[in-house]
Amino acid sequence: MNEFNRKLIEEFRASAGQVGGMFAGADLVLLTTTGARSGLPRTSPALYFQEGDQLGVVASNGGADQHPAWYHNLKANPVGTAEIGAETFAFTATEIAEESERVRWYAKAVARNKNFADYEAGTSRRIPVLLLRRHR
C-alpha cells in the first residue's frame, strides 16, 4: 500500500469516515478485498455512489491505463467488506456487463465527481463499474 492510501485509511478510521484534503466531503468507502495473488486482505479507498440500496464503485484508478488492484481482487473473489463512516458490512461485487447500464451508472459517478469524466477521456480502456450488494 502506498503512503498516501495508508494515511487516508488511518484518517478515515480515526474519524468515522470524515477526511480532509482532496477527499473532504467526498463519498468515500474503504474496500477490503482478498488479494488475487497473495490471498491476503487488502484495503483500498474508493469513491462510491448510491441508487436505492445499491452501491456503485468505479474502477477508474485515477484515469490510469490499468485497472486498480482492488478490481482484480474482486474479479478473483467478489466477496469483501466495505466501511462507510462508522459502518462496516460484507458485500458481493458484480461488474456491470451491459454497456448501457454501465454508462448510466458512470454518469452517476460523473455527477458526483467531475474528475470521472476526465479519467474516462484520458484512457483507452473501458472503465468498469461494480455494484456492491450488502449481505443481509
Side-chain angles (χ1 to χ4, degrees):
M1 175 185 323
N2 69 40
E3 186 67 11
F4 178 83
N5 281 352
R6 186 187 65 72
K7 287 182 177 181
L8 184 61
I9 291 166
E10 285 178 5
E11 181 182 6
F12 182 102
R13 288 179 171 159
S15 61
Q18 301 300 310
V19 298
M22 66 187 288
F23 291 109
D27 293 324
L28 195 62
V29 60
L30 298 184
L31 302 174
T32 300
T33 60
T34 301
R37 290 186 294 231
S38 70
L40 298 173
R42 304 289 186 205
T43 301
S44 304
L47 297 176
Y48 76 92
F49 46 100
Q50 218 164 332
E51 179 177 288
D53 64 346
Q54 291 188 312
L55 211 66
V57 291
V58 176
S60 67
N61 202 17
D65 288 332
Q66 66 278 348
H67 299 312
W70 62 259
Y71 169 81
H72 296 290
N73 294 347
L74 287 175
K75 292 300 284 184
N77 181 358
V79 175
T81 59
E83 298 171 56
I84 297 176
E87 178 188 16
T88 300
F89 58 90
F91 68 82
T92 300
T94 306
E95 183 174 348
I96 298 174
E98 167 71 35
E99 184 61 13
S100 63
E101 189 68 359
R102 187 200 71 85
V103 167
R104 186 176 78 79
W105 277 86
Y106 203 91
K108 289 179 179 297
V110 170
R112 299 285 300 161
N113 184 326
K114 302 298 182 215
N115 290 333
F116 284 117
D118 296 334
Y119 298 159
E120 192 170 46
T123 185
S124 59
R125 73 180 171 96
R126 177 183 178 270
I127 298 178
V129 178
L130 291 90
L131 297 180
L132 309 182
R133 292 190 172 78
R134 292 174 185 252
H135 293 181
R136 303 253 179 232

All heavy atoms of Ala59 vs all of Ile127, minimum pair found to be O-CG2, 3.5 Å
Could you note down all residue pairs passing ring pair (Phe, Tyr, Trp, His ring centres under 6.0 Å) where residues 34-64 supplies at least one of them, sequence neighbours left out?
-> Phe49-Trp105
Listed partners of Asp65 passing salt bridge (charged side-chain N to carboxylate O under 4.0 Å, His left out), at least two apart | none
Sequence neighbours excluded, every pair satisfying salt bridge (charged side-chain N to carboxylate O under 4.0 Å, His left out) that has a member inside residues 35-44 | none
Do side-chain atoms of Arg125 reach the backbone of Ser60 as a donor and acceptor pair under 3.5 angstrom?
-> yes
Just jot down the salt bridge (charged side-chain N to carboxylate O under 4.0 Å, His left out) partners of Glu95, sequence neighbours excluded, or say none.
-> Lys75, Arg126
Name all pairs fulfilling the salt bridge (charged side-chain N to carboxylate O under 4.0 Å, His left out) condition that reach into residues 44-61, sequence neighbours left out, sorted by first residue then second.
-> Glu51-Arg104, Glu51-Lys108, Asp53-Arg136
Which residues satisfy the side-chain contact (heavy atoms from CB on, under 4.5 Å) test with Thr92, sequence neighbours excluded?
-> Pro78, Val79, His135
Show the atom names and distances, to 0.1 Å, of all donor-acceptor pairs under 3.5 Å that link a side chain in residues 22-32 to residues at least two apart or in another chain.
from  : atom 1 : to     : atom 2 : distance (Å)
Asp27 : OD1    : Arg112 : NH2    : 3.4
Asp27 : OD2    : Arg112 : NE     : 3.1
Asp27 : OD2    : Arg112 : NH2    : 2.1
Thr32 : OG1    : Thr43  : OG1    : 2.9

Roughly how far apart are Glu101 CD and Leu131 CG, rounded to 0.5 Å?
-> 7.5 Å
Does NZ or CZ of Arg134 fall inside the cone over Phe89's six-membered ring, less than 6.0 Å from its centre and within 45° of the axis?
-> yes
With sequence neighbours left out, the residues meeting side-chain contact (heavy atoms from CB on, under 4.5 Å) with Ala36 are Asn73, Ala76
Between OG1 on residue Thr88 and CD on residue Glu83, distance to nearest 0.5 Å = 4.0 Å
Between Val57, Leu74, Leu55, which is the residue that forms a side-chain contact (heavy atoms from CB on, under 4.5 Å) with Phe91?
-> Leu74
Working for side chain to side chain contact (heavy atoms under 4.5 Å, CB included), residues Thr33 and Asn77 | CA-CA 8 Å; Thr33 60; Asn77 181 358; over 6 Å; no
Side-chain (Asn61) to main-chain (Gly63) donor-acceptor, under 3.5 angstrom | no
Crowding at CD, Gln50 (>12 non-hydrogen neighbours, <6.0 Å) | yes
Between the NZ atom in Lys7 and the CG atom in Asn2, the distance rounded to the nearest 0.5 Å is 11.0 Å
Tyr119: ring-ring contact (aromatic ring centres under 6.0 Å, His included) partners, not counting sequence neighbours | Phe116
Going by heavy atoms in the side chains, are Asn113 and Leu47 under 4.5 Å from each other?
-> yes
If you link I, L, V, M, F, W and Y whenever their side-chain heavy atoms are under 4.5 Å apart, who else ends up in the same group as Leu40?
-> none
Here the ring pair (Phe, Tyr, Trp, His ring centres under 6.0 Å) pairs for residues 54-79, sequence neighbours left out, are His67-Tyr71, His67-His72
Please determine if Glu11 and Arg6 form a salt bridge, counting it only when a charged side-chain N lies under 4.0 Å from a carboxylate O.
-> no
Got Pro45 and Asn5 here, is their nearest side-chain heavy-atom distance under 4.5 Å?
-> yes
Considering residues at least two apart in sequence or located in another chain, which fulfil the salt bridge (charged side-chain N to carboxylate O under 4.0 Å, His left out) criterion with Asp118?
-> none
